[in-house]
Amino acid sequence: MIHTKKISFPDMHGALGHLTPIEGNVDIPFPIRRVYYITRVPGQAVRGFHSHRRLEQVLICLHGRVKIRVKTPFAEQIIPLCDPAEGLYIGHMIWREMFDFSEDAVLMVLASEHYSEADYIRDYAAYEKEAVPYFQTLSEGGA
Ligand code: T46
């Protein structure tokens, strides 16, 4: 889907276990300005329900399992994450919801910007109003 992609990270493994190195601007397409992680999410909880105008992120499920719904006014996809050597890149103006967290899930997020509440669009109607012309202009430009 537009502005989303799975990224595979190196997995250095052997008799002593696994090591996954991740470098900003190398393994992910931006310099990392912020890291946060989501843990101990109750089974039925659904998080997210927002989009970002400028922020780009890579979501990595370090432990356990979680599903990510990514959505625009024109398309929708559900992407399961359970491999610590794999990330989900989410770019500009993608609506996201995170659900089906396993009890032991640890979802780490690498972000391109410091936290800014002003960058969030948390109301779906407001999101559609901005996202429809945004994606229409992109597709007219051949993106
Ligand atoms: C996203 C998904 C994947 C901060 O103070 N600093 C931070 O860096 C973040 C990320 C959040 N917060 C505060 C804002 C709220 O008061 O922590 C509280 C919970 O945040 P929120 O409800 O936005 O959490 P999620 O899980 O719905 O969304 C988060 C990110 O906010 C968002 O950017 O893409 O994870």
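Whatever order the structure lists ligands and atoms in, that order sets their numbers, starting from 1. Everything numeric in this text was worked out from a predicted model, so none of it was measured.
- The minimum heavy-atom distance between Lys6 and Leu81, with the atom names listed, is CE-CD2, 3.9 Å.
- Heavy-atom proximity to Arg96, at under 4.0 Å, picks out these atoms of ligand 1: 1 (C), 34 (O).
- Scanning all protein heavy atoms for the shortest distance to atom 23 (O) of ligand 1 gives Arg122 NH2, 2.9 Å.
- Annotation for ligand 1: atoms under 4.0 Å from non-hydrogen atoms of Ile38 are 26 (O), 35 (O).
- Phe74 and Ile94 fall within a single hydrophobic cluster, where Ile, Leu, Val, Met, Phe, Trp and Tyr are joined by side-chain heavy atoms under 4.5 Å apart, directly or via other members.
- At the top of the distance list for atom 28 (O) of ligand 1, counting protein heavy atoms only, stands His50 CE1, 3.2 Å.
- Nearest protein heavy-atom contact of atom 26 (O) of ligand 1 is Arg47 NE, 2.7 Å.
- Closest to atom 10 (C) of ligand 1 among all protein heavy atoms lies Arg34 NH1, 3.4 Å.
- Among all heavy-atom pairs drawn from Pro29 and Ile7, the shortest one is CD-CD1, 4.1 Å.
- Using a 4.0 Å cut-off between heavy atoms, Glu117 makes no contact with ligand 1 at all.
- In terms of heavy-atom proximity, Arg65 sits nearest to Cys82 at CG-CB, 3.7 Å.
- In this structure, His114 does not count as a contact residue of ligand 1, since none of its heavy atoms falls inside 4.0 Å of the ligand.
- The distance criterion of under 3.5 Å between nitrogen or oxygen atoms is not met by Tyr115 with respect to ligand 1.
- Phe135 and His3 have tilted rings, their planes meeting at an angle from 30° to 60° on a 0 to 90° scale.
- The only member of Lys67, Arg122, Arg69 that meets salt bridge (Lys or Arg N to Asp or Glu O under 4.0 Å) when paired with Glu97 is Arg69.
- Using cut-offs of 30° and 60° on the angle between ring planes, the pair His50 and His52 is perpendicular.
- Contact annotation for Glu97 and ligand 1: no heavy atom of the residue comes within less than 4.0 Å of the ligand.
- Within 4.0 Å of atom 32 (C) of ligand 1, at least one protein heavy atom is present.
- At a heavy-atom distance under 4.0 Å, only side-chain atoms of Tyr120, from C-beta outward, approach ligand 1.
- At a distance under 4.0 Å, no protein heavy atom can be found next to atom 18 (C) of ligand 1.
- Remark: minimum distance from atom 3 (C) of ligand 1 to any protein heavy atom is reached at Met98 CE, 3.5 Å.
- One distance of note links CD1 of Ile22 with CG of Asp27; it measures 7.0 Å at 0.5 Å rounding.
- Minimum heavy-atom separation, Leu19 to Pro21: O-CD, 3.6 Å.
- You'll find the side chain of Leu55 stays beyond 4.5 Å of the side chain of Tyr120, heavy atoms only.
- With hydrogens left out, the protein atom closest to atom 29 (C) of ligand 1 is Tyr36 OH, 3.7 Å, a heavy atom.
- Ring geometry for Trp95 versus Tyr127: interplanar angle of 30 to 60°, hence tilted.
- Close contacts of ligand 1 with Gly48, meaning ligand atoms under 4.0 Å from a residue heavy atom, involve 25 (P), 27 (O).
- Contact atoms of ligand 1 toward Gln57: 1 (C), 33 (O), 34 (O) (distance under 4.0 Å to a heavy atom of the residue).
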